[in-house]
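Following: one structure in structure tokens, then a few remarks.
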Amino acid sequence: MPAAPPSRTLRLVVIAGPDAALHELQSVSHSILGRAPNCDLCLVHETVSRRHAAIAGRGGRWYVTDLGSRHGTYLNGITLVPHKPAEIRAEDLLRIGPWTLRVETAAAAADATIHASSDMGQRVERVPERELAWAAQQRLDLLIETSARINAATSLESLARAALDGALAATGYRRAAWIRHAPGPHQIEIIAHVARTGDSHTFAFSQSLIREAQAGQLARLASDASAEHAHSIISLGIHSALCAPIMLGPSPAAFLYFDARRGETPVHPQAPGFIQAVARMAGLALANLLRVELERRQQRQEADLAIAREAQQMLAPANQGTLGTIRFAVASKPGRVVAGDLFDAVRLDDDRIAFFIGDVTGEGVGSGILMAAGQAAIHAALLRRGDPGLALRDANEYLAPRSALTQFITLWAGVLDGRTGTLDFVDAGHGHWLIRRNAQRAGLVQSVGGIPLGIQPAVNYASEHLALNPGDRIILLSDGLVEQRSPNGVEFGHERVADALQRATDPASDVRAVFDDVIAFARTDLLQDDATAASIEWLGPPANA
């Protein structure tokens, strides 16, 4: 299936990991992550497989697929099923080995509420364990209440508010924020903030404090910290600040940030322990929210694919048979992500038979609808016109105004005259077809062709001609077969298709041999894309010709 260009460029930004020089991967369609030197993002570590995971963009969405790695790929703390794509979105966290990468898109970064942060110039220290052993009975009820609110949260915003409100009520801090790193140097994104004062919620975030909390432990400004360079601290009168990491697995996904200022109630000495407990509960609740969201994505994806494939199966012809002077065989195998191949064989009259194969860009219900509409429109146009060039012109006139900007159909259509063996055909941006003349090796056919259907109206398609001999076979393929990759990233290609056809003797064995070889080549029967192969043999003119 042809890949529609994703609507947004995807970036993977390393936010935790052993290699400080590793910054980001920018992808526009397909990237491989792993330990091998030829990977698009090379992550050299013993827990990373040579080809660990793949990122692919289709129809404006992005998917990550674990490639059967030894130690697994984690999305928002959840282990991915090997070879099963999972949709990823902006702000998702992807963990491979010791690295944690955050998903970002250009649009998401532009829409985010970004707040520049300043380094307070303070000395930062980790909170010692002895201060975390809080057991004040008067705070126990508040902790239980906060835990209940956190676990009842159904969105990131409500979770953040529950954690911040509970922590402020018990610690003496007057301002709090749920924050995370934002694109760009020294920038922080505020997800939620609470102030129990009448001020304007002004924050001055310490990069040193956040860097210390990045290690996975609470951090605070030291009581004897010098304020020589902390102009924002002096102007705001901040005398105490604390940062608590919210962990997803071994990496922080966000932070709880607190400060207190001159003239406000003193911070309770057991505040660090209470805040640490809230941060741990928030991390568990956040992991659960992300798990539920990932399950919903997978369910929507599976439902979309089921609808699209049901439409495909309803319109598909029999797997093999005879129409007039041709016999044919076709086989299809759904891929991991998309459903949009189409094939049909139509008897136009006593002598002529039409057949076509196509790929629809995109995935899910939208592509399924376009596939069904395209197959019906092309079928009807061939019956009405009898000429593939005129039929594709009519079908394109119908489809172009009804297709999204990123949707189109690559198509090959032919009409065979059973009396003469003349094949009239049009290749509309498809390109994946071969001819096998008797016992010769199959080869590609050069043609002028035209643009895919649905891109623009008022396109003229000119029929081209090919003379067949009795026993010649036309082999039609979707690009899911030709572009299937091996575990090493090599495409199957047309030459391997021709190799498979060498041992075949009829249409049924043609499609069987191609699928056997591509599955062996991929080392899995779960192919990356929808795959279709069809073989049409001209048996020769009828006896009364």
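Below, all heavy atoms of this structure are taken into account, side chains as well, without hydrogens, waters or symmetry copies.
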Under 3.5 Å, is there a donor-acceptor pair linking the side chains of Ser69 and Ser49?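 There is no such pair (donor and acceptor under 3.5 Å, judged by atom type) between the side chains of Ser69 and Ser49.
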With no hydrogens and no angle check, just 3.5 Å: does a side-chain donor-acceptor pair link Thr65 and His83?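 Result is no, nothing qualifies.
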Salt bridge flag under 4.0 Å for residues [X] and [Y]:
{"X": "Arg352", "Y": "Asp349", "result": "yes"}
{"X": "Asp510", "Y": "Arg473", "result": "yes"}
{"X": "Glu495", "Y": "Arg441", "result": "yes"}

Please list, chain by chain and in numerical order, all residues satisfying salt bridge (Lys or Arg N to Asp or Glu O under 4.0 Å) with [X], sequence neighbours excluded.
{"X": "Arg291", "answer": "Glu295"}
{"X": "Asp525", "answer": "none"}
{"X": "Glu157", "answer": "none"}

With rounding to the nearest 0.5 Å, note down the distance linking [atom1] in [X] to [atom2] in [Y].
{"X": "Leu93", "Y": "Asn76", "atom1": "CG", "atom2": "CG", "answer": "5.5 Å"}
{"X": "Ile357", "Y": "Asp427", "atom1": "CD1", "atom2": "CG", "answer": "11.0 Å"}
{"X": "Leu94", "Y": "Thr100", "atom1": "CG", "atom2": "OG1", "answer": "8.5 Å"}

Under 3.5 Å, is there a donor-acceptor pair between the side chain of Asn438 and the main chain of Gln440?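 A pair under 3.5 Å: no.
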According to side-chain hydrogen bond (donor to acceptor under 3.5 Å, both in side chains), who are the partners of Arg503, at least two apart in sequence or on a separate chain?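 Applying side-chain hydrogen bond (donor to acceptor under 3.5 Å, both in side chains) to Arg503 gives Asp517.
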Can you list the residues that meet the side-chain contact (heavy atoms from CB on, under 4.5 Å) rule with [X], with sequence neighbours excluded?
{"X": "Arg296", "value": "Val292, Glu293, Arg300"}
{"X": "Arg512", "value": "Ala508, Ser509, Asp516"}
{"X": "Arg485", "value": "His30, Glu491, Gln528"}

Any side-chain heavy atom of Arg436 sitting closer than 4.5 Å to one from Ile475?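 They are in side-chain contact.
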Quick check: closest heavy atoms across [X] and [Y], and the distance to 0.1 Å?
{"X": "Asp40", "Y": "Ser31", "result": "OD2-CA, 3.1 Å"}
{"X": "Glu537", "Y": "Pro507", "result": "OE1-CD, 3.4 Å"}
{"X": "Ala86", "Y": "Leu80", "result": "CB-CD2, 3.8 Å"}
{"X": "Ala442", "Y": "Ala498", "result": "O-CB, 3.6 Å"}
{"X": "Arg393", "Y": "Tyr461", "result": "N-CD1, 3.8 Å"}
{"X": "Leu423", "Y": "Phe355", "result": "CD1-CZ, 3.9 Å"}

Any residue meeting ring pair (Phe, Tyr, Trp, His ring centres under 6.0 Å) with Tyr398, in chain and number order, not counting sequence neighbours: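 Scan of Tyr398 (ring pair (Phe, Tyr, Trp, His ring centres under 6.0 Å), adjacent residues dropped) gives none.
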His432: ring pair (Phe, Tyr, Trp, His ring centres under 6.0 Å) partners, not counting sequence neighbours: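 Ring pair (Phe, Tyr, Trp, His ring centres under 6.0 Å) list for His432, sorted by chain: His430, His494.
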Please, which pairs that meet ring pair (Phe, Tyr, Trp, His ring centres under 6.0 Å) have at least one residue in residues 433-454, sequence neighbours excluded?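 Every pair satisfying ring pair (Phe, Tyr, Trp, His ring centres under 6.0 Å) with a residue in residues 433-454: Trp412-Trp433, Phe425-Trp433.
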I'd like to know whether Glu104 forms a salt bridge (Lys or Arg N to Asp or Glu O under 4.0 Å) with Arg102, so could you lay out the CA-CA distance, the side-chain angles of the two residues, the decisive distance to 0.1 Å, and finally the verdict. CA-CA 6 Å; Glu104 294 181 357; Arg102 186 173 64 232; 2.9 Å; yes
Tell me, which pairs form a salt bridge (Lys or Arg N to Asp or Glu O under 4.0 Å) where one or both residues lie in residues 396-417, sequence neighbours left out?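 Applying salt bridge (Lys or Arg N to Asp or Glu O under 4.0 Å) to every pair that reaches into residues 396-417, excluding sequence neighbours, yields nothing.
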Enumerate the side chain to side chain donor-acceptor pair (under 3.5 Å) contacts for residues 382-391, please, sequence neighbours excluded, ordered by first and then second residue.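 For residues 382-391, and leaving out neighbouring residues, the side chain to side chain donor-acceptor pair (under 3.5 Å) pairs sorted by first residue read Arg384-Asp394, Arg385-Asp394, Asp387-Ser463.
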